[in-house]
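Presented below is the structure to which this report refers.
Computed over heavy atoms, backbone and side chain alike; hydrogens, waters and symmetry mates excluded. Computed from a prediction, not measured in an experiment: that's the story for all the values here. The residues of the chain are indexed from 1 along the displayed sequence.
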Amino acid sequence: MFFCQEVDGRLEKTILYDLIKRECHLVNDYDIITFMNNLNHDRTKIAALAYINGLAAKEKDPNALKIYKQAAEEIYKLINLLSKNFKSPINVSYIGGVFQHAGSFIIPHLQDQLGNRFNLIPPIHTPEYGAYILAKKLR
């Protein structure tokens, strides 16, 4: 969304724009349409591109940082929805690629959203260990 807004002039072009063009090998700005269509809605391929936003955020790109802030807000909405039948305070943990690669950008915003009703705690185990436990249960 931000890339397209930078392309059409709704937003000023930032480092994020340059990184997407470079990392996705886009000759023309509108090649992004073909690039995205070629991903065929494959969640793994799409998620693999998240590193681009991380690179931009490390350079303090305002649009990349806003993406992480919005992500924290969406995660909070999900946590809040799922916790309606729990008594406070509620321990909440996190795991996955977003937190592994961008936790330093998302976690502070998430903690602000969670307030005193939730305790945000780091994961005890790695995602790989979680997959192992699930596989073991399926045997």
Side-chain angles (χ1 to χ4, degrees):
M1 175 175 83
F2 286 101
F3 176 80
C4 293
Q5 290 174 346
E6 290 183 10
V7 166
D8 67 22
R10 286 177 284 166
L11 292 174
E12 183 178 328
K13 290 180 180 166
T14 65
I15 295 167
L16 182 61
Y17 166 85
D18 294 324
L19 285 170
I20 290 173
K21 283 211 53 174
R22 184 184 78 208
E23 296 297 312
C24 298
H25 309 288
L26 305 179
V27 175
N28 179 298
D29 290 344
Y30 296 100
D31 288 344
I32 192 69
I33 298 166
T34 303
F35 179 85
M36 293 304 295
N37 283 335
N38 288 339
L39 296 178
N40 294 316
H41 304 285
D42 184 316
R43 292 173 52 188
T44 302
K45 290 178 183 176
I46 294 167
L49 298 171
Y51 78 94
I52 299 171
N53 198 68
L55 293 173
K58 286 177 185 172
E59 296 294 324
K60 309 280 191 262
D61 182 282
N63 292 334
L65 294 171
K66 190 171 184 177
I67 288 169
Y68 288 135
K69 184 176 182 182
Q70 289 176 349
E73 290 168 0
E74 293 302 318
I75 293 166
Y76 166 73
K77 289 176 189 176
L78 182 60
I79 292 169
N80 197 43
L81 176 70
L82 295 173
S83 68
K84 288 189 183 227
N85 296 321
F86 291 86
K87 293 181 181 181
S88 297
I90 301 166
N91 290 333
V92 176
S93 190
Y94 51 88
I95 201 160
V98 170
F99 292 102
Q100 184 178 12
H101 300 292
S104 63
F105 301 111
I106 292 178
I107 290 172
H109 293 297
L110 184 56
Q111 285 177 320
D112 289 345
Q113 294 280 318
L114 293 174
N116 294 330
R117 184 165 175 241
F118 301 93
N119 298 319
L120 188 62
I121 57 174
I124 298 169
H125 301 292
T126 65
E128 294 82 9
Y129 183 74
Y132 162 76
I133 295 296
L134 286 174
K136 191 172 176 182
K137 286 181 181 179
L138 293 174
R139 287 185 76 193

What are the two closest heavy atoms between [X] and [Y], and how far apart are they?
X: I121; Y: Y94; answer: O-CE2, 3.4 Å
X: A56; Y: L19; answer: N-CD1, 3.5 Å
X: Y129; Y: H125; answer: CD2-CG, 3.3 Å
X: F3; Y: D29; answer: CE2-O, 3.7 Å
X: Y68; Y: A50; answer: OH-O, 4.1 Å
X: A64; Y: D61; answer: N-OD1, 2.9 Å

Is there side-chain contact between [X] and [Y], with heavy atoms separated by less than 4.5 Å?
X: E73; Y: Q113; result: yes
X: F35; Y: L49; result: yes
X: C24; Y: I52; result: yes
X: I107; Y: Q111; result: yes

Please indicate whether [X] has more than 12 foreign heavy atoms, meaning atoms of other residues, nucleotides or ligands, lying under 6.0 Å from its [atom1].
X: I124; atom1: CD1; answer: no
X: R43; atom1: CZ; answer: no
X: Y132; atom1: OH; answer: no
X: N28; atom1: CG; answer: yes

Working note: I79 + L110, criterion side-chain contact (heavy atoms from CB on, under 4.5 Å); need CA distance, chi angles, decisive distance, verdict.
CA-CA 10 Å; I79 292 169; L110 184 56; 4.3 Å; yes
Mind checking what makes side chain to side chain contact (heavy atoms under 4.5 Å, CB included) contact with K66, not counting sequence neighbours?
F2, Q70
Applying side chain to side chain contact (heavy atoms under 4.5 Å, CB included), can you list everything that pairs with E6, at least two apart in sequence or on another chain?
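E6 satisfies side chain to side chain contact (heavy atoms under 4.5 Å, CB included) with L11, K13, T14, L16, Y17, N63 only.
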Starting from the C-alpha separation in whole Å, work towards a yes-or-no answer on side-chain contact (heavy atoms from CB on, under 4.5 Å) for K137 and I133.
CA-CA 6 Å; K137 286 181 181 179; I133 295 296; 4.0 Å; yes
For H109 and I106, run side-chain contact (heavy atoms from CB on, under 4.5 Å): C-alpha distance rounded to whole Å, both residues' side-chain angles, the deciding distance at 0.1 Å, then the answer.
CA-CA 6 Å; H109 293 297; I106 292 178; 5.8 Å; no
According to a 4.5 Å side-chain heavy-atom criterion applied to Ile, Leu, Val, Met, Phe, Trp and Tyr, with indirect links allowed, do I75 and I67 form part of one hydrophobic cluster?
no
Measuring from atom [atom1] of [X] to atom [atom2] of [Y], what distance do you get when rounded to the nearest 0.5 angstrom?
X: C4; Y: I32; atom1: SG; atom2: CD1; value: 6.5 Å
X: L39; Y: T44; atom1: CG; atom2: OG1; value: 11.0 Å
X: N40; Y: K45; atom1: CG; atom2: NZ; value: 6.0 Å
X: H41; Y: M36; atom1: NE2; atom2: CE; value: 8.5 Å

May I have the step-by-step check of side-chain contact (heavy atoms from CB on, under 4.5 Å) for R117 and N80, ending in yes or no?
CA-CA 10 Å; R117 184 165 175 241; N80 197 43; 3.1 Å; yes
